[in-house]
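Here's the structure, in structure tokens; my notes come after.
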Amino acid sequence: MNFVLNLKHWQVFTLFVILSLPTMIEFEDVFYSYLISTVFWCVFVIYYLMLGLELSKVATAQLKGNITLFIINSVIIITATLSLLLFFNGHFSGKGFLGLIVMIYLFYAFFQFFTYPVKTLKSIEQDSLASFSQYFLSLMQVIFLPIGIWWLQPRINKVSESYPIQNKHPSI
């Protein structure tokens with residue numbers, strides 16, 4: 001999975017642009033539109049999940065956030081996206097108290113999912129735990145992908161070159 005840290009900004013940009021092109025086509029069957037959008041979203045989430053996992057390997061214990069919560073929220077986001085497509089035909093109305101609780105947790109899951117890798121990246125760069133104001137600009141670059149990748153990915157590459165990931169399993 002180390003390849004995520006070694007991708008160049010133009011490679012990630014090209015991947016996201018190519019995957020987003022079919023989402024701009026309007027199909028007669030709405031299911032296909034939802035399916036294509038879901039595939040694009042899942043690829044983005046998987047890329048970002050791998051990025052968070054790889055950056056957590058580079059970070060020291062003091063700089064890491066809660067990696068388990070990051071993984072759980074990633075799975076919840078993918079599951080919610082697929083469930084929305086398969087069971088709710090792309091539309092979910094969070095009516096009632098249970099719907100409200102689900103929506104509140106999903107907002108939290110998205111927030112934690114987006115902040116974990118950028119906070120870890122900024123913490124590694126400055127070698128101390130980053131505050132929200134210190135990684136806010138990086139968070140905006142993630143939110144405005146694929147444009148933000150032009151500034152974010154070179155920083156990821158620099159961290160990858162500066163802190164090579166050690167293989168945690170000894171070779172026999």
Side-chain angles (χ1 to χ4, degrees), residues 1-25 27 30-59 64-94 99 101-124 130 132 135-157 159-160 165:
M1 285 201 304
N2 192 10
F3 74 93
V4 173
L5 297 181
N6 295 325
L7 289 172
K8 300 299 176 204
H9 56 282
W10 63 268
Q11 293 169 322
V12 178
F13 179 82
T14 304
L15 173 71
F16 286 141
V17 167
I18 288 173
L19 287 174
S20 69
L21 288 177
T23 64
M24 297 175 199
I25 299 171
F27 293 95
V30 177
F31 180 79
Y32 291 120
S33 296
Y34 291 142
L35 180 66
I36 289 170
S37 297
T38 302
V39 168
F40 170 72
W41 177 247
C42 287
V43 168
F44 169 72
V45 170
I46 290 168
Y47 163 79
Y48 209 63
L49 171 65
M50 292 187 324
L51 179 63
L53 293 174
E54 292 301 314
L55 287 173
S56 72
K57 289 179 185 177
V58 173
K64 279 188 207 179
N66 190 342
I67 186 71
T68 305
L69 184 61
F70 175 69
I71 294 169
I72 289 170
N73 284 335
S74 302
V75 170
I76 287 173
I77 289 169
I78 291 173
T79 304
T81 303
L82 293 175
S83 297
L84 187 67
L85 172 71
L86 298 175
F87 303 120
F88 297 103
N89 201 21
H91 300 289
F92 176 73
S93 88
I101 298 298
V102 169
M103 294 307 294
I104 288 172
Y105 187 80
L106 282 175
F107 279 122
Y108 167 75
F110 275 100
F111 180 76
Q112 196 273 342
F113 172 76
F114 282 118
T115 57
Y116 180 83
V118 293
K119 181 178 182 179
T120 305
L121 176 63
K122 189 65 176 179
S123 297
I124 292 168
F132 183 74
Y135 65 84
F136 178 75
L137 181 61
S138 299
L139 182 60
M140 289 297 107
Q141 292 170 347
V142 168
I143 290 172
F144 292 106
L145 282 179
I147 302 299
I149 205 69
W150 289 96
W151 294 277
L152 197 59
Q153 193 68 30
R155 291 174 48 208
I156 294 167
N157 295 142
V159 164
S160 175
I165 296 174

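- Summarising the geometry of G52 relative to P117, their closest heavy-atom pair is CA-CG, 3.8 Å, with the distance given to 0.1 Å.
- Remark: K119 NZ to Y135 OH distance equals 5.0 Å, nearest 0.5 Å.
- When side chains are defined from C-beta on, W151 does not count as touching R155, because their heavy atoms never get closer than 4.5 Å.
- Aromatic ring pairs are classed by plane angle as parallel below 30°, tilted from 30° to 60° and perpendicular above 60°; the pair F70 and F113 is parallel.
- Taking every heavy atom of both residues into account, P154 and I149 meet most closely at CD-O, 3.7 Å.
- Across Q112 and N66, no two heavy atoms sit closer than the pair NE2-O, 3.9 Å.
- For the residue pair S138 and L152, the shortest heavy atom distance occurs at CB-CD1, 4.2 Å.
- Within 6.0 Å of CZ in F144 there are 12 or fewer heavy atoms belonging to other residues, nucleotides or ligands.
- The NZ atom of K57 sits 13.5 Å away from the OG1 atom of T120 when rounded to the nearest 0.5 Å.
- Distance check, rounded to the nearest 0.5 Å: OG of S83 to CD1 of I76 gives 11.0 Å.
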Audit row: Y105, Y108, ring-ring contact (aromatic ring centres under 6.0 Å, His included) steps and yes/no: CA-CA 5 Å; Y105 187 80; Y108 167 75; 5.7 Å; yes
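- Atom CG of N73 is separated from atom CD1 of I78 by 11.5 Å, given to the nearest 0.5 angstrom.
- Put simply, the side chain of Q11 does not reach to within 4.5 Å of the side chain of Q153, judged on heavy atoms.
- The ring of Y47 has its center no closer than 6.0 angstrom to the ring center of F44.
- Taking CD1 from I156 and CG from L51, the interatomic distance works out to 4.5 Å, rounded to the nearest 0.5 Å.
- Ring centers of F114 and F111: at least 6.0 Å apart, outside the cut-off.
- Taking 4.5 Å as the limit, some side-chain heavy atom of F132 sits within range of a side-chain heavy atom of L139.
- Two residues are said to be in side-chain contact when any heavy atoms from C-beta on lie closer than 4.5 Å; Y48 and V118 meet this criterion.
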